[in-house]
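Below: the structure, in C-alpha cells.
Quick note on labels: first sequence line is chain A, next is B, and so on, each numbered from 1.
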Amino acid sequence: MNEKYNAAEIEQKWQRRWEQDGLFRTDEDAPGDPFYILEMFPYPSGKLHMGHVRNYSIGDVAARYLRMKGHNVLHPMGWDAFGLPAENAAIKNGIHPDVWTRENMAEMRAQLKQLGISYDWEREVATCSPDYYKWTQWIFIQFFKAGLAYKKKNPVNWCPSCETVLANEQVVDGACERCGTAVGKKNLDQWYLAITKYAQRLLDDLERLGDWPGNVKTMQANWIGRSTGAEVDFEIEGFGEKLRIYTTRPDTLFGVTYMVLAPEHPFVEPLTDGGEYEAPAREFIGKLQYLNDIDRASATLEKDGLFIGRYAVNPVNGKRVPIYIANYVLMDYGTGAIMAVPAHDTRDFDFAVKYGLEIIPVVDPGGLLPDATQETQGDGPTQGDGPFGSHDPKGPSPWVAGLKGPSPRVFVAEGRMINSGRFDGLDNKDAIREITAYIEERGFGCGSVNFRLRDWLISRQRYWGTPIPMVYCEKCGWVPEKEENLPVLLPTDVTFSGKGESPLTTSASFRQTACPACGAPAEREIDTMDTFLDSSWYFLRYTDARNEERIFADGKVKKWMPVDQYIGGVEHAILHLLYARFFTKFLHDIGYSPADEPFTRLLTQGMVLKDGKKMSKSLGNVVSPEEFVERFGADTIRLFILFASPPEKELEWSEAGVEGSYRFIGRVWRLAQGALADGAGAETQEHNGDGSPGAAEAEKELLHAMNAAIKKVGADIGGRYNFNTAISAIMEFVNAAYKAREGGGVRQPALRDAVEKLILILSPFTPHVCEEMWEAYGHTGSILLEPWPAYDEGALVRGSEEIALQINGKVKGKFTVPSGLSAQELADMAAASEEAKKLTGGSAIVKAIGVPGRLVNIVVK
RNA sequence: GCGGUCGUGGCGGAAUUGGCAGACGCGCACGGUUGAGGGCCGUGUGCCGCAAGGCGUAAGGGUUCAAGUCCCUUCGACCGCACCA
C-alpha cells in the first residue's frame, strides 16, 4: 500500500475496472429483492453542475448500500434531451440540435463516470432518439384513442421572444419561464391532454404517498385546487339564455348585489351589440388586451369594470342586479361569470366600493366573533359590543375596514345567516348545504365541484421535440399515424430561423403525406410536443430500454415498477411529478403499467448554495465540479457534499469543508496503511498486544466503536437517508481506532478486522479509495460484491454506565451504575446514593424518576 | 392575501422524537514532530466568571418530574400559489 493517498490514480484504475467487469449491469434474473432507485435524469446542457453532483451522489450511496445489503438494484441513467436550448444553439451557432445534444451527452456521461456513479449504462435512454420517441408518440396515440387528446382553438400564452406557445405552467408571474419576456396572447389550434379527467384521482391518491415529503403533496393538492360549491342560473332581463355562475359560497346567495362576466365571456357580445354599451364594452375589452399577463395576473392590479346596461334576476329573492364586465373575473375558471357578494368577499367588496354598489350583509358574526378575551393577559374587556362591535384592536380582525356603503366592512369568517328569508338564523356552514339543496329542488342550479387544474396544452411550435404523430385529412379529420409506421421521424432538411411557425414547415417532404385512414393526400401536424411528455414515462422505459417491439415487456415492468426511491430537486415538485403520475395512471388504465403511482418514496434534495445564494451565472458564484474533482478527486467531493448537510436541506459550498473531507480520507488511508504495517512486522506472532490488564479493555472499546458505527451507518443510510450523520459516525469510529492503535493493547488481527469493517461501511460514500484499500488488504473481488457487515449487539453493551443525576430537572452530577437496571431500580439506587444525599442537602425527596441509560431526576421539597 | 418549511456556538450542522443541548466537521488557540513552512499527531474551544457558580436552542407565556422537541402569542427568514369566485 502506497504511503501517500493518490486520488487521481486510484479513481482511474477502479473506474476502468468497474467498466471492464460490467459491475453495474443489472440482471433481471439475479437473486435478491428487486429495488429500483432513480435520480431525475438531466437535460444535457453541457456540463454537470453541483446540483447534479449532489443528486447523483445521494442516489449512488443508496444504490451501493442496497447492493451490499443483497438487493437486486436497478439504477439507470438517461437524458431529457429534447428542448429549447439545443434549438437556440442551432439558431445561434449553426450546429444541428442533434449534434449539439449528443456532444453534451457524451461530455456529461464521461463526468458521471468520473464521479464513480454506479449506473447501468446499457439501459441509457435519450428522449431525442427515434427508438425512444417512437414510444412517446405511441402513448400520444393511445391518449387520442381514449379520447384524452384533443385539438382546440384557444387564446394561448405566446412568448414574443421565443416565438412559441407556453403552457400556463411555464408562465411565471406573467413572464416567460425561460427568457423573462412578458407573455402575450395568440389564437391557435392546439393539442391538449385531458389531465383534468384525472384531477380527482391525482388528488385522492396523494394520500397513498406516505413516503413523499408533505410539502410536495401540499403543493400538488393546491395545484389541483379542488373546491366545492354550486352552480346557479340567473335570468337576464330581455335575453333568452340564463347566466350560469359558479360559487363556493351558496350561503351568500341572498347577498348578491351585482354580477360580473369575464371580458371574454361569450354572452358579452350578444348582450351589448347594437346598444349604447357596445362601443364602451369594445373599448374596455380592447384596452385589456393591451395589458400583458404580468399586469393582468397581478393581485395588486386595481379592479376595473364596466356596467353593460343589463340586469340579472336573483332566482332566490327576485332581486334585480346590474351586470358588469371586469378585469378580475377569469374566463377559464368556473363558468367565467360570478355572482358578486361584496359584504362577504374582499374582491367584490373592493369593486363595490370603487363603483358605489350596494353591500348587503347576509352572514352575521354575532356571538361567533373570535373571543379575544380568552388570553388572560389581554388588554381588558373586549367582548360583546354587538354584532359589528369592537374587539381586541390588536387581534386579528375578521373585518376588513372599508369606506362606504350600508355595511362598511367585509366579513369573510363564519357566522349566522341574516337577510336570507327562511334561512335566517342558520349557521352559515349549514346554510351552504341547505341553500344548495333548495336551489336543486327548484331547478335554479346544483352543487358543483371545480378544479384549478387545466387541461395540458402540449403543442409547441418548435423543431427539437417529439413530432405529434397526427395527420389531417379533409375527409377523415385528425387521424393518428398507423402504429406500425412509428416513429414519425423529425425531418433533417429544416431551416432554423427562430421565427414564425414551427420549423417543420420548412421541410420539403415532411408535411405532405397520405391519410392513414383513407389514403387521400393529407397533411402532418407540424407542431412538436412539450418536452414534459418525454420525461413523464422514462422511468418505465428503463425497465426494458432496448425493446423494439413493445413499449416495455410486461414481465420486466412488473419486476421493477413502481420506482422504490426517486430523488431530485424540489423544482419538479408540481409539474414533472404530476405529469409522471398522470401518465402512469393512464398506462395503468390501458393495461400497460402494473403500478398506478410511479414513485413509492420521494426525496427532494436541497439546493447547493454559494455565499448563501443559489449558484448562477448572473451572480458569478458558480463553482465547477470539474475543478474540484481534479484537485481532490471524486471521493472527496462526494464525501463533502454528503457530509455538509442532510440531503433534503440546502447545502452551503465550502472549500474549507472540501479540504476537511480530503483530510479525512487521508486519515483513513494512513490508518489502513499503519494497521497493515503493524501486521507485516508481526506475522509470526499471535498478537502484538502487551498482555496488560488494560489491553482487553482497549480492545473492547474498539469493538464497541466499530459495532456502534456499523449499526448507526446502516440505520442512517437504510432509513432516513441521513448521510451526514452516517459519515460523522464513521469519523467517530476512525477517531476511536486511532486512539486504540496509539494507546496500544489492541491485538493486530482485531485492529485489522476493525479497519476492514471501516472500509466496508465507508465504501458507498468513497468507493474508489475503499476498493483500493480493500485490495491492499488482500481481497480480490470488488467491494461492491461484499455483504454489508453485521453488527454485534452484545459488543454494544458495557458493564457499567454513567448516569446523569438531576435535582428538580437540572443536571447536578453523575454517578456510575451497572448496565441493565430498570427505571425503578435506577431511581431507587440514585435516591439512596451518597451523591444524591450530598446534592439534596438533606431535603425531603418527593420522588425520583429513572430513565434507563440516561438519567435520574430527583424531585425535592 | 392563502398554503408550506424553518429559526440551535464564530460557521456547516447533531440531539435515538419529551430525558445529560452543541455529536461530527470547519475555524480558532496552545503543545508535540519539523532546519523552517506545510503536513501530520495531541489538547482545548457555547456565553459570563479568577473561581464557586450562573445563564443559555429567535422573543414572551403555558403544559410537564423533565421542553430545542408539545401548546398559545409575537417577530424574522425561505419556498410555493396568487383576483381561482
Side-chain angles (χ1 to χ4, degrees), chain A residues 173 213-223 225 227 229 245-249 252 260 262 296-303 326-330 332-341 345-348 350-351 374-378 394-395 400 412 450-454 570-571 573-574 607 640 643-646 648-661 663-664 666-667 670 712 715 722 724-732 734-735 738-739 742 802-814 846-860:
Chain A
D173 288 334
N215 62 329
V216 172
K217 288 195 279 185
T218 306
M219 279 158 75
Q220 291 221 349
N222 290 343
W223 191 261
S227 72
I245 60 91
Y246 171 72
T247 180
T248 55
R249 293 291 304 274
T252 62
V260 187
R296 179 83 197 267
S298 162
T300 53
L301 176 71
E302 191 178 326
K303 290 180 179 42
N327 62 353
Y328 77 100
V329 174
L330 310 171
D332 54 2
Y333 184 79
T335 61
I338 63 157
M339 63 178 215
V341 187
D345 181 284
T346 53
R347 295 154 304 177
D348 296 345
D350 291 345
F351 191 82
Q374 238 168 10
E375 300 287 324
T376 46
Q377 73 280 8
K394 290 196 283 189
V400 176
V412 294
N450 247 285
F451 295 92
R452 304 165 87 123
L453 186 69
R454 312 291 153 83
V570 239
E571 65 272 22
I574 298 176
M607 277 193 310
F640 166 72
F643 176 59
S645 185
E648 66 280 2
K649 263 191 83 168
E650 292 178 337
L651 181 147
E652 175 69 30
W653 182 260
S654 151
E655 193 159 335
V658 175
E659 283 164 12
S661 290
R663 235 174 359 240
F664 173 71
R667 196 165 149 81
R670 286 187 299 278
K712 171 89 175 142
N722 282 355
N724 55 330
T725 52
I727 293 168
S728 73
I730 296 174
M731 288 173 168
E732 285 181 79
V734 170
N735 291 343
Y738 263 81
K739 197 167 271 174
E742 296 299 314
E802 201 174 52
I803 296 291
L805 191 56
Q806 292 185 333
I807 306 295
N808 290 341
K810 299 234 174 208
V811 179
K812 294 290 182 183
K814 307 242 157 142
V846 179
K847 62 173 162 177
I849 295 131
V851 181
R854 301 202 175 272
L855 55 75
V856 173
N857 188 14
I858 296 173
V859 186
V860 298

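The base of C83(B) lies close enough to the side chain of K303(A) for a donor and an acceptor atom to sit less than 3.5 Å apart.
At distances below 3.5 Å, not a single donor-acceptor pair connects side-chain atoms of N857(A) with backbone N or O atoms of I849(A). Remark: the backbone N or O of P646(A) is not paired with any side-chain donor or acceptor of N722(A) at under 3.5 angstrom.
In this structure, G53(B) forms a base pair with C48(B), meeting either the Watson-Crick or the G-U wobble geometry with both donor-acceptor distances under 3.5 Å. The partner of C83(B) cannot be assigned: no Watson-Crick or G-U wobble pair with both contacts below 3.5 Å exists in any strand. Across all strands shown, the partner of A77(B) is U5(B), judged by Watson-Crick or G-U wobble contacts whose two distances both fall under 3.5 Å. Within the shown strands, nothing qualifies as a pairing partner of A23(B) under the Watson-Crick or G-U definition with both distances less than 3.5 Å. Under the Watson-Crick or G-U wobble criterion, with both distances below 3.5 Å, G42(B) is paired with C30(B). With a cut-off of 3.5 Å on both pairing distances, U69(B) has no Watson-Crick or G-U wobble partner at all.
Comparing the P positions of A21(B) and C28(B) gives a spacing of 30 Å, expressed to the nearest Å. With both ends at atom P, the span from A59(B) to G7(B) equals 13 Å, rounded to whole Å. Taking atom C1' on both G9(B) and G46(B), the two are 5 Å apart, rounded to the nearest angstrom. To the nearest whole angstrom, the two C1' atoms, one in G39(B) and one in C48(B), are 38 Å apart. Between the C1' atoms of G22(B) and U57(B), the separation comes to 9 Å (whole Å). Comparing G35(B) with U43(B), their C1' atoms sit 26 Å apart, to the nearest whole Å. Comparing the P positions of C55(B) and A66(B) gives a spacing of 15 Å, expressed to the nearest Å. The separation of G10(B) from U17(B), taken at their C1' atoms, amounts to 29 Å, rounded to a whole angstrom.
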Under the side-chain contact (heavy atoms from CB on, under 4.5 Å) criterion, do R667(A) and V734(A) qualify, and how do the steps go? CA-CA 8 Å; R667(A) 196 165 149 81; V734(A) 170; 4.1 Å; yes
What do the steps show when you test D332(A) against R454(A) for side-chain contact (heavy atoms from CB on, under 4.5 Å), and what is the final call? CA-CA 8 Å; D332(A) 54 2; R454(A) 312 291 153 83; 2.9 Å; yes
Intermediate values then yes/no, side-chain contact (heavy atoms from CB on, under 4.5 Å), F640(A) and L651(A): CA-CA 10 Å; F640(A) 166 72; L651(A) 181 147; 4.2 Å; yes
Tell me, with the steps shown, if V860(A) and I807(A) meet side-chain contact (heavy atoms from CB on, under 4.5 Å). CA-CA 7 Å; V860(A) 298; I807(A) 306 295; 4.1 Å; yes
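Counting any heavy atom pair closer than 4.0 Å across all strands shown, Q806(A) reaches a base atom. S654(A) comes within 4.0 angstrom of no nucleic acid atom, judged by non-hydrogen atoms across all strands. In this structure, S661(A) reaches neither bases nor backbone, as no heavy-atom distance under 4.0 Å exists between it and the strands shown. Contacts of E659(A) with the nucleic acid, taken as non-hydrogen atoms under 4.0 Å apart, are absent. V851(A) comes within 4.0 angstrom of a base, heavy atoms only. Counting non-hydrogen atoms under 4.0 angstrom, K217(A) reaches nothing in the nucleic acid. Contacts of N215(A) with the nucleic acid, taken as non-hydrogen atoms under 4.0 Å apart, involve only primed sugar atoms and P, OP1 or OP2. Looking at heavy-atom distances under 4.0 Å, F451(A) makes no contact with the nucleic acid at all.
For L855(A), the listed nucleotide lying nearest its side chain is G19(B); candidates were G13(B), G19(B), C65(B). Distances from the side chain of T247(A) to the nucleotides C20(B), C41(B), A85(B) place A85(B) closest. Closest to the P646(A) side chain, of the nucleotides A66(B), G13(B), A85(B), is G13(B). When each of A85(B), C24(B), G42(B) is scored by its nearest atom to the side-chain atoms of N735(A), the top-ranked nucleotide is C24(B). Checked against A85(B), A21(B), A15(B), the side chain of N722(A) finds its nearest nucleotide in A15(B). In the set A85(B), C24(B), G19(B), the nucleotide with an atom closest to the side chain of M731(A) is C24(B). Nearest nucleotide to the E732(A) side chain, out of G13(B), G80(B), C24(B): C24(B). Out of G12(B), C81(B), A85(B), the shortest distance to the side chain of I574(A) is found at C81(B).
Both the sub-6.0 Å distance and the 45° axial angle are not jointly satisfied by K303(A) relative to the ring of F351(A).
At whole-Å resolution of the value, CZ in R670(A) and P in C41(B) are 5 Å apart. Residue N808(A) contributes atom CG, which lies 11 Å from atom P of C65(B) at whole-angstrom precision. K649(A) has its NZ atom 7 Å from the C1' atom of G13(B), to the nearest Å. If you measure from atom CZ of F643(A) to atom C1' of C26(B), you get 9 Å, rounded to the nearest angstrom. For the pair K814(A) NZ and C20(B) C1', the computed distance is 5 Å after rounding to whole Å. Regarding N222(A), its CG atom lies at a distance of 13 Å from the P atom of G80(B), rounded to whole Å. K810(A) has its NZ atom 18 Å from the P atom of G19(B), to the nearest Å. When rounded to the nearest whole Å, the span between CE of M219(A) and P of U5(B) equals 12 Å.
G42(B) shows a glycosidic angle more than 90° from 0 and is accordingly assigned anti. Under the 90° criterion around 0 for the glycosidic angle, U64(B) counts as anti.
Checking R452(A) against I803(A), the closest nucleotide of RNA chain B that is more toward the 5' end is the one next to I803(A).
Contact annotation: the side chain of Y328(A) never approaches that of D350(A) to less than 4.5 Å [non-hydrogen atoms, C-beta and beyond].
For R663(A), a side-chain nitrogen or oxygen approaches OP1 or OP2 of G27(B) to under 4.0 Å. Dashed line: the shortest gap from a side-chain N or O of Y328(A) to OP1 or OP2 of A85(B) is not under 4.0 Å.
Note that CG of N215(A) and CD of Q220(A) are 10.5 Å apart. Values are rounded to the nearest 0.5 Å.
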